[in-house]
Protein chains: 2
Amino acid sequence: MAAKRSGAGSKQSQRKTPSPPAGSEPRSEPALSLERIVATAIELLDTDGLDGLKMRRLADRLGAGAMSLYWHVGNKEQVFDLALDSVLEYRGPASIDASENWRGDVVHMLEDWRACMLRHPWSAFLLPRRALGPNILSRLELLSRTLSRAGVADADLNVAIWSLWNYVIGATTTRASFELSDADRAAAQQRLASLSEHYPTIERSRLLLDNDWDGAFSKGLDFLLDGLVPKL
Amino acid sequence: MAAKRSGAGSKQSQRKTPSPPAGSEPRSEPALSLERIVATAIELLDTDGLDGLKMRRLADRLGAGAMSLYWHVGNKEQVFDLALDSVLEYRGPASIDASENWRGDVVHMLEDWRACMLRHPWSAFLLPRRALGPNILSRLELLSRTLSRAGVADADLNVAIWSLWNYVIGATTTRASFELSDADRAAAQQRLASLSEHYPTIERSRLLLDNDWDGAFSKGLDFLLDGLVPKL
DNA sequence: AGTTTGCATCGTACAACGTACGAGTCAATC
DNA sequence: GATTGACTCGTACGTTGTACGATGCAAACT
């Protein structure tokens with residue numbers, strides 16, 4: 001019987017290694033592996049979005065049969081989970097605990113987080129729906145430590161973390177959804193103009209036409225941090 | 001030829017009305033209509049989630065053939081859009097512009113917004129992905145006016161609105177995804193415990209075990225408003 | 001040597017889905 | 001009576017995730 005290694009075991013074969021064609025034929029494809037599957041899935045997601053990832057296409061691009069994937073992965077959902085976590089790794093400044101500039105550290109990590117997700121817009125939609133992977137937990141852990149060191153009271157710590165989490169999630173999902181197509185943008189602009197009498201304040205402030213997403217993110221983040229850590 | 005009335009025309013038939021069986025047989029089902037379709041879609045979404053809405057099931061429940069829906073709706077996506085906007089209507093205090101308590105008004109509207117979405121958890125996932133419907137635009141318009149009246153500078157207005165938007169979106173999608181199943185919760189708890197050595201601060205603050213979502217939301221909102229409107 | 005074992009691949013097949021197409025019904029209009 | 005247009009729906013197609021079982025193949029064992 002075959003025992004499906006979709007569990008957390010992950011490590012490659014226990015034998016030596018099935019070894020690629022071992023020096024004989026240059027076999028066009030380098031053999032299936034979890035890493036290759038995830039990497040290719042990310043490529044596919046990047047170019048074709050959430051709906052563009054089909055098990056058959058993924059397998060095709062890997063030079064494998066569709067069902068071969070299921071030896072390495074339990075199901076399609078798991079591909080999503082792995083791709084998501086893979087994209088969220090943080091290589092921050094090494095010795096962040098020694099830093100004196102906690103606010104700079106927080107901002108850096110959060111802006112990097114946002115940048116990661118906007119490089120892979122599908123990830124923004126995935127993150128809030130699924131269990132937290134190791135990389136995102138690491139970011140939260142780092143955030144906890146830094147805020148704690150910055151003087152946020154233990155009683156307020158969770159609220160502060162969730163607030164920042166909410167802010168990042170909201171900002172990235174919103175941004176990612178507006179990025180979709182220029183046609184949509186044009187249509188929205190048109191539609192908004194025709195509704196300007198109903199929404200005068202929105203129209204006047206050009207809320208939906210403002211393109212400075214990056215600036216809005218960091219300014220809003222500043223305000224939020226002001227509220228969370230009032231004493232500067 | 002039949003001309004599909006899926007456009008914005010929306011209004012019912014131009015003739016008198018096809019009129020229900022007109023007094024003869026009590027025909028078990030009251031005839032298809034956009035309103036009935038949307039209402040039933042919401043029921044289905046509430047009980048079975050985003051993936052539970054299938055055109056065939058929806059039609060079944062309406063006592064109609066699957067393809068009959070497509071006279072009233074262009075496609076499934078449109079059902080989502082209509083259901084979403086339908087769920088977001090706000091009946092706030094009538095004369096809010098006269099209110100002296102702007103902060104109370106903002107908090108009230110945002111907490112109601114959140115409550116609406118958590119009553120229909122699928123809506124949280126839908127909102128950031130789709131074009132803004134009239135009901136959500138109304139909320140944003142109201143928010144704009146109130147903040148403006150509260151003294152937020154025009155230059156900061158958009159940032160403030162987007163910050164609040166981000167906060168609400170993030171909070172509701174996160175909350176909605178945790179609501180899914182008790183089995184998941186138990187599993188997560190288990191997994192977390194086994195990882196406590198890697199994430200000591202998270203573990204210590206019980207970040208992921210804290211169940212006071214409502215309290216966290218309103219406290220975080222307070223902090224955010226503090227930051228947005230520093231002068232009280 | 002032959003046999004067994006277990007990792008890994010993949011072809012076939014199926015059920016479920018969204019929806020294109022076109023035929024059908026029936027009341028209002030001409 | 002004929003025509004029109006709003007509305008309904010049965011059938012059918014293409015696409016999807018994946019269950020099942022056959023197959024290959026290298027290492028381990030006898």
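Every chain is numbered from 1 and lettered A, B, ... according to where its sequence line falls, protein lines coming before strand lines. Below, each value reflects all heavy atoms present in this structure, side chains not excepted, and no hydrogens, waters or symmetry copies. Computed from a prediction, not measured in an experiment: that's the story for all the values here.
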Whole angstrom is fine here: how far is it from CZ in B/F80 over to P in C/dT19? 10 Å
Return the set of residues passing salt bridge (charged side-chain N to carboxylate O under 4.0 Å, His left out) with B/D48 (not counting sequence neighbours), or none when no residue passes. B/R57
Could you list the residues that satisfy side-chain hydrogen bond (donor to acceptor under 3.5 Å, both in side chains) with A/S138, not counting sequence neighbours? none
Per nearest nucleotide of DNA chain C, the residue lying toward the 5' end, B/M67 or A/M67, is A/M67
Value in whole Å for how far the P atom of D/dT15 lies from NZ of A/K76: 15 Å
Judged by nearest nucleotide, the residue sitting upstream toward the 5' end of DNA chain C, B/E77 or A/S68, is A/S68
Partner residues of B/R206 under the salt bridge (charged side-chain N to carboxylate O under 4.0 Å, His left out) criterion, sequence neighbours left out: none
Among D/dC9, C/dC10, D/dT18, which nucleotide sits nearest the side chain of A/A64? C/dC10
Quick check on the 6.0 Å ring-centre criterion: do A/F217 and A/Y167 meet it? yes
Checking B/H198 now: which residues fulfil side-chain hydrogen bond (donor to acceptor under 3.5 Å, both in side chains) with it, not counting sequence neighbours? none
For DNA chain C, the residues among residues 47-58 of chain B that have a non-hydrogen atom under 4.0 Å from it: B/L53, B/K54, B/M55, B/R56
Look up atom CZ in B/F125 and atom CE in B/M117, then write down how far apart they are to the nearest 0.5 Å. 9.5 Å
Among residues at least two apart in sequence or on other chains, which ones pass salt bridge (charged side-chain N to carboxylate O under 4.0 Å, His left out) with A/D81? A/R130
Protein-nucleotide distance (A/L69, atom CG; C/dA8, atom P), rounded to Å: 14 Å
Taking the side chain of B/W71 as heavy atoms from C-beta outward, which of C/dC21, D/dT16, D/dA6 is closest to it? D/dA6
Please name all residues satisfying ring-ring contact (aromatic ring centres under 6.0 Å, His included) with A/W165, sequence neighbours left out, ordered by chain then number. A/W113, A/W162
Please list, chain by chain and in numerical order, all residues satisfying side-chain hydrogen bond (donor to acceptor under 3.5 Å, both in side chains) with B/T201, sequence neighbours excluded. A/E141
Whole-Å distance between D/dC7 C1' and B/R36 CZ? 14 Å
Axis deviation across the helix from C/dA1-D/dT30 to C/dC30-D/dG1, five-pair ends, to the nearest 10°: 30°
Does a nitrogen or oxygen in the side chain of B/H72 sit under 4.0 Å from OP1 or OP2 of D/dT8? yes
Rounded to whole angstroms, how far apart are CG on B/L62 and P on D/dT8? 10 Å
Whole angstrom is fine here: how far is it from CG in B/L44 over to P in C/dC17? 11 Å
Atom-pair distance (CG on B/D60; P on D/dG10), nearest Å: 10 Å
Quickly work out the A/Y70 OH to C/dG11 P distance and round it to whole Å. 15 Å
